Amino acid sequence: MAGSPNSNLRGFNHAVYTLLKQPTQFLPHLTIPTFTQLPENLGPHLINAKKGPQTQIPTIRALVLDKDNTLCAAKTTTFPPQILAKLSSLRTSPTSLFNQTTHPDSILIVSNRAGSHPRFDGEVSELEAQLAPLRIPVFRLPAGAEKKPFCGEEVVRWFRERGVIDSPHEIAVVGDRLGTDVLMAGMMGSWSVWCKEGVFDIGMEGKQERNVLEKMEVWIEWFLRVKGGYEAPLPMGWEKQKQS
């Protein structure tokens with residue numbers, strides 16, 4: 001695990017470069033207010049209906065979940081009750097592809113804090129202790145690997161080694177940041193879900209004011225989608241897979 005535990009300068013630089021060269025990579029395939037609105041059957045919600053009834057629907061077998069401001073308030077290990085209830089539903093519903101009995105390794109928390117550096121090992125222990133009944137692990141960044149959005153290859157390998165997926169197209173990355181979570185999904189060849197409001201919906205107790213970068217991302221997404229008329233590009237290789 002190289003570098004300062006809190007530094008992600010290369011990630012910031014990559015986000016700026018992508019915004020200038022490939023701005024549509026900032027657009028998520030699905031936007032929801034918070035994680036609690038994540039559909040259990042996610043695939044049909046990721047494809048724009050305007051593409052027509054013949055569009056192939058992806059099957060999502062694995063979820064990559066951000067921690068800070070998606071599952072917990074930033075820099076904490078406290079899961080709000082509604083988040084825990086949603087996680088429990090995904091892990092216990094008999095119709096869920098993320099059911100812990102039939103698909104035990106289908107959910108992985110990937111954070112740029114917990115699991116990214118030995119300094120945060122205590123957070124990993126706290127998170128996994130709380131989630132032990134649901135069997136949801138925290139990803140440990142391998143030696144030499146970099147933080148999001150650059151660890152996609154390692155995340156895909158984690159799911160492949162456990163027989164969860166055959167293709168990155170079967171993964172959805174869920175998080176509150178366009179410049180890390182959504183960009184990583186694109187680099188992986190996976191689907192992205194943006195939790196626009198973070199961990200707390202509008203008006204909920206505990207909701208904090210967006211910081212400068214978060215406000216910029218909200219504006220960028222709106223400008224590209226509304227003013228520019230752009231859509232999120234399909235994952236790399238998806239068109240070839242549909243034809244095969």
Side-chain angles (χ1 to χ4, degrees), residues 1-8 11 34-36 38 40 42 60-94 96-165 170-177 180-181 184-185 188 190 193 195 198-200 206:
M1 302 179 189
S4 164
N6 293 315
S7 174
N8 196 16
T34 72
F35 177 70
T36 58
L38 186 76
E40 179 185 293
L42 187 53
I60 303 301
R61 303 184 187 279
L63 292 178
V64 172
L65 305 182
D66 176 47
K67 177 187 81 76
D68 287 300
N69 207 33
T70 300
L71 299 180
C72 304
K75 300 181 181 180
T76 76
T77 56
T78 302
F79 294 92
Q82 70 275 12
I83 299 293
L84 276 179
K86 180 63 179 182
L87 288 169
S88 179
S89 174
L90 291 172
R91 292 303 263 171
T92 59
S93 169
S96 173
L97 287 178
F98 317 110
N99 182 287
Q100 65 179 318
T101 301
T102 54
H103 304 91
D105 299 311
S106 56
I107 299 182
L108 180 65
I109 294 175
V110 181
S111 171
N112 272 353
R113 186 176 168 92
S116 69
H117 193 277
R119 175 179 175 180
F120 304 120
D121 283 352
E123 288 194 5
V124 174
S125 299
E126 291 179 24
L127 293 167
E128 291 188 332
Q130 294 178 76
L131 297 174
L134 301 179
R135 299 168 64 185
I136 299 176
V138 176
F139 183 67
R140 274 77 164 174
L141 197 68
E146 295 185 71
K147 294 179 178 182
K148 293 186 293 186
F150 303 110
C151 59
E153 183 177 339
E154 290 80 6
V155 171
V156 171
R157 185 182 306 123
W158 190 93
F159 286 115
R160 283 191 189 274
E161 289 174 348
R162 290 158 178 78
V164 180
I165 62 163
E170 297 172 306
I171 301 173
V173 180
V174 184
D176 72 304
R177 296 302 304 274
T180 52
D181 303 305
M184 184 175 79
M188 291 166 58
S190 301
V193 179
C195 298
V199 71
F200 296 112

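Predicted model, so just to flag it, every value in this text is computed and none were measured.
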Distance-only, no hydrogens or angles: does the [X] side chain make a donor-acceptor pair with backbone N or O of [Y] under 3.5 Å?
{"X": "Thr70", "Y": "Gly175", "result": "no"}
{"X": "Thr76", "Y": "Ala73", "result": "yes"}
{"X": "Glu128", "Y": "Val138", "result": "yes"}
{"X": "Ser96", "Y": "Thr92", "result": "no"}
{"X": "Glu40", "Y": "Ser93", "result": "no"}

Rounded at 0.5 Å granularity, tell me how far [atom1] in [X] sits from [atom2] in [Y].
{"X": "Glu153", "Y": "Arg160", "atom1": "CD", "atom2": "CZ", "result": "10.0 Å"}
{"X": "Gln100", "Y": "Leu90", "atom1": "CD", "atom2": "CG", "result": "11.0 Å"}
{"X": "Leu63", "Y": "Leu108", "atom1": "CG", "atom2": "CG", "result": "10.0 Å"}
{"X": "His117", "Y": "Asn112", "atom1": "NE2", "atom2": "CG", "result": "12.5 Å"}
{"X": "Asn69", "Y": "Asp176", "atom1": "CG", "atom2": "CG", "result": "4.5 Å"}
{"X": "Arg61", "Y": "Ile165", "atom1": "CZ", "atom2": "CD1", "result": "10.5 Å"}

Report task. Using the side chain to side chain contact (heavy atoms under 4.5 Å, CB included) rule, take Val173 and Val155 through it: C-alpha gap first, then chi angles, then the decisive distance, then the call. Result -> CA-CA 10 Å; Val173 180; Val155 171; over 6 Å; no
Would you indicate whether the side-chain heavy atoms of [Y] and [X] approach each other to under 4.5 Å?
{"X": "Phe139", "Y": "Val64", "value": "no"}
{"X": "Ile109", "Y": "Leu131", "value": "yes"}
{"X": "Val193", "Y": "Phe35", "value": "no"}
{"X": "Val174", "Y": "Cys195", "value": "yes"}

Query raised in the report: Please, which pairs that meet side chain to side chain donor-acceptor pair (under 3.5 Å) have at least one residue in residues 80-91, sequence neighbours excluded?
Result: Arg91-Ser106
Requested in this report: Not counting sequence neighbours, list each pair that qualifies as a salt bridge (charged side-chain N to carboxylate O under 4.0 Å, His left out) and has a residue in residues 65-80.
Outcome: Asp66-Lys148, Lys67-Glu123
Where is the tightest heavy-atom contact between [X] and [Y], given as atom of each residue plus distance?
{"X": "Pro80", "Y": "Cys72", "value": "CD-CA, 4.4 Å"}
{"X": "Met184", "Y": "Pro149", "value": "CG-O, 3.5 Å"}
{"X": "Asn99", "Y": "Thr101", "value": "OD1-N, 2.7 Å"}
{"X": "Gly115", "Y": "Val124", "value": "N-CG2, 3.3 Å"}
{"X": "Ser116", "Y": "Ser111", "value": "CB-O, 3.9 Å"}
{"X": "Ile171", "Y": "Phe159", "value": "CD1-CD1, 3.9 Å"}

Query raised in the report: Could you walk me through whether Phe79 and Leu127 pass the side chain to side chain contact (heavy atoms under 4.5 Å, CB included) check?
Result: CA-CA 9 Å; Phe79 294 92; Leu127 293 167; 3.5 Å; yes
Report task. Could you walk me through whether Leu65 and Ile136 pass side chain to side chain contact (heavy atoms under 4.5 Å, CB included), step by step? Result -> CA-CA 10 Å; Leu65 305 182; Ile136 299 176; 5.6 Å; no
Query - side chain to side chain contact (heavy atoms under 4.5 Å, CB included) evaluation trace for Leu71 with Leu84 - result: CA-CA 8 Å; Leu71 299 180; Leu84 276 179; over 6 Å; no
